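Structure first, then comments.
Computed from a prediction, not measured in an experiment: that's the story for all the values here. In each ligand, atom 1 is the first atom listed, and ligand 1 is the first ligand listed.
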Amino acid sequence: MNEVVKLERHDVIGIVTVNSPPVNALSAAVRGGILECIKSAIADPEIKAIVLTCAGRTFIAGADITEFGKPPKPPGLHEVLTEMENSPKPIVAAIHGTALGGGLEVALACHFRVATKDARLGLPEVKLGLLPGAGGTQRLPRAVGPELAVKMIVAGDPIGAAEALKNGLIEDIVEGSATGGEAFARKVLAEKRPLRKLRDDNSKLAAAKADRSIFTNAVAALTKKARGLEAPFAAADAVGFAIDLPFDEGLKKERESFLKLMMGDQSKAQRYAFFSEREAAKIAGVPEGTKARNVERVAIIGAGTMGGGIAMSFVNAGIPVTLIETGEEQLKRGMGVMQKNYEATAARGGIPADAPAKRLGLITGVVGLENVRDADLIIEAVFETMAIKKEVFAAVDKYAKPGAVLASNTSYLNIDDIAKVTSRPQDVLGMHFFSPANVMKLCEIVRADKTAPDALTTAVAVARKIAKVPAVVGVCDGFVGNRMLAQRGKQAEKLLFEGALPQQVDAVVTRFGMPMGPFAMGDLAGLDIGWRSRKDRGIKSEIADALCEAGRFGQKTGKGYYKYEAGSRAPLPDPEVEKLIDETLQRLGRKRRIVTDDEILERMMYPMINEGARILEEKVAARPSDIDVIWLYGYGWPIYRGGPMFYADQVGLKHIADRLSFYAKETNDPSLEPAPLLKQLAAEGKTFASLAQTAKAA
Ligand code: 3H9
């Protein structure tokens, strides 16, 4: 009927097929096409039942997110769904791939739903800072009951076909979506099944109407971790409307909440994060069509905390790993840690009971670097010392097969220097995982001077395959994330010398939405590491040094910037630390002043943003959004604030540049002077986002 939706007739069955790659999102053309095809099928006297299905890799994956925030184009999705639900002829949604968001809402407006066995169905709008806006919050509870519905809507995670069948979301599991849907439609006709309009079916709401605690308990559990976010709470309220209000009223209130969230800052930031993550997978400067090399086996050198976590990430994705250590003892210890970790997850119900054995079975533990021979990708995760890394890479160069990608998991060392000890610098790059590597999603892919485009493409593809979010960065000390973090650390420390306390600084940072402040983070990592490194380099940091001299190494000694009760990781403010800070300042002849929370926030955030601007100037990151992805997935930056560069654009670059100049003078710190790029954008009244647009236009 139009270029993206067509209607065919197989005798009495009308087949409406959406074909709008890549994910059949509900653009205006798709909405218009569906509406027209459904109307035609209803009008065609030969057609007795209708199947709605999709071509390509998936059923409709949702509304077209790129249309949000722009003037709406007709027809609206509601109009399409009303036409479908009111059809006098049965409509069967035939689902394969993912029926998500508006896609599932389309299916819920059909009278029947069938799906292939690997299909996934869900309402993930909350992850974009939204709630389902086309009846999902009203129809899903009527299909599966409010308890499961609120779980699916507030957590946003899809369910599989088997669970969907068990809970009444679909009627049947079929072999192929189009053929299975057609066969099911014939069955509906043969059995003269009555049309099931979910809007009119309140049977599954009765239990929650009678006992509201079923619903409220589920909501309380789901929103426990939603600190700072608006959408999960609005979504839970909307499911409540389904229980309390007639369908049409619930629908109206759902729509109001949806529009409010869509226009709000949080959803804007979350939609930006969605596209930034996908943009980051596109490597700047790599010729289009560059193919990734084949990776079937990975060797990981080092079975310590990082090596073990990386190994788990690969086997979790079903990719076999050769885990290499220098001795049996180290190997045994590393394998033991992984086993314990898997068993704890299985005990919590996070993975099936047989998963630990299966996953550990994919890891072959061996001693000796010659065992890298079979691997297509080799990741070095040994001690962070250049001399050791060089030794390992020289040996790996001897044994690795031609074309294998050689990656270092270093968090700051120069990959160019590492590549030089091999005869194949084109195959060498960095894959910087974040601790705990089996949990944290970020992987900074470090492009060295001579790294070949297809080696880079391989690293990015592999990272995505193991469910990491890759971001390509250039060589520099600390790469993007840790380099910016160092600026924050420097200011945090200075704030203590001016009168702030660790708990005040950390509270400002956590109130902003970060999971942890710099001092709690220091206690977690261990303060002795920095102390030793400062001693080696002949550098002093009076407060941190004094803490270490008093045996306060952080969580591992039960005290650091905070004190910790036995067995607890909760940081407790410690008067002894305040005393120690006072004494240190007195010794240095300094006076404490009142430092406001506003100043703390500015001095925690703006120097990092400034460093981000320098990183862009030096082209260590290709796009501001890549920097944001790094902070979102590597450091727990709150998703509803989009990332540091997005946040900077919201605050205004002129304000940030002015404040940095002010602090540079006020605290006598020339490193705080705004970077030339920041200054220039501020002067021109531009944003960091404008750089991405210029780059795209180029
Ligand atoms: C909604 O539905 C609101 C309604 O309740 C109310 C309406 C009134 N729109 O992820 P991939 C692009 S909110 C536009 O790499 P995969 C994506 O940017 C929506 N574009 O593939 C990428 O483009 P490019 C609720 C979209 O196989 C390409 O498709 N739905 C959309 O790894 C491939 O994406 C969701 O939140 C979209 N909705 O994963 C689902 N979706 O190639 C969001 C994708 O230029 N989508 N694109 O970079 C997903 O979760 C994943 O894309 C999906 C496929 C699982 C579908």
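Summary of contacts: the protein heavy atom closest to atom 5 (O) of ligand 1 is E125 OE2, 2.5 Å. Residue, atom and distance of the protein heavy atom nearest to atom 55 (C) of ligand 1 are L100 CD1, 4.0 Å. At the shortest separation from atom 28 (C) of ligand 1 among protein heavy atoms lies P22 CG, 3.5 Å. For atom 41 (N) of ligand 1, the closest heavy atom belonging to the protein is V23 CG2, 3.5 Å. Shortest contact from atom 21 (O) of ligand 1 to any protein heavy atom: R57 NH2, 2.8 Å. From the protein, the heavy atom lying nearest to atom 48 (O) of ligand 1 is K282 NZ, 2.7 Å.
F434 and Y635 have their aromatic ring centers within a separation under 6.0 angstrom.
Residue G133 places at least one N or O, backbone or side chain, under 3.5 Å from an N or O of ligand 1. For a threshold of 3.5 Å applied to N or O pairs, the pair formed by L131 and ligand 1 contains no separation below that value.
Heavy atoms from other residues, nucleotides or ligands lying under 6.0 Å from NZ of K253 number 12 at most. Within 6.0 Å of NZ on K197 lie more than 12 heavy atoms contributed by other residues, nucleotides or ligands. Counting heavy atoms of neighbouring residues, nucleotides and ligands inside a 6.0 Å radius, atom CD of E85 exceeds 12 of them.
Considering P132, A63, A25 only, the shortest heavy-atom separation from atom 38 (N) of ligand 1 involves A63. When the heavy-atom distances from atom 40 (C) of ligand 1 to P72, G101, A61, S267 are ranked, the shortest goes to A61. The closest non-hydrogen atom to atom 9 (N) of ligand 1, taken over I65, L81, L26, L104, comes from I65.
The protein does not reach atom 53 (C) of ligand 1 closely, with no heavy atom under 4.0 angstrom from it.
Proximity of K127 to ligand 1, defined as any heavy-atom pair under 4.0 Å, is not found for any part of the residue. At a heavy-atom cutoff of 4.0 Å, ligand 1 is contacted by both the backbone and the side chain of D64.
Side-chain contact between I283 and R447 is present, with heavy atoms from C-beta onward closer than 4.5 Å.
Taking 4.0 Å as the cut-off, E279 does not count as a neighbour of ligand 1 on heavy-atom distance. Taking a 4.0 Å cut-off on heavy atoms, H78 fails to register as neighbouring ligand 1. Residue contacts with ligand 1 leave out T58, since none of its heavy atoms falls under 4.0 Å from the ligand.
Seen from the ring of F275, R271 does not count as a face-on cation partner, given the 6.0 Å and 45° thresholds. A cation-pi arrangement is present between R641 and F512 under the rule of less than 6.0 angstrom and at most 45 degrees off the ring axis.
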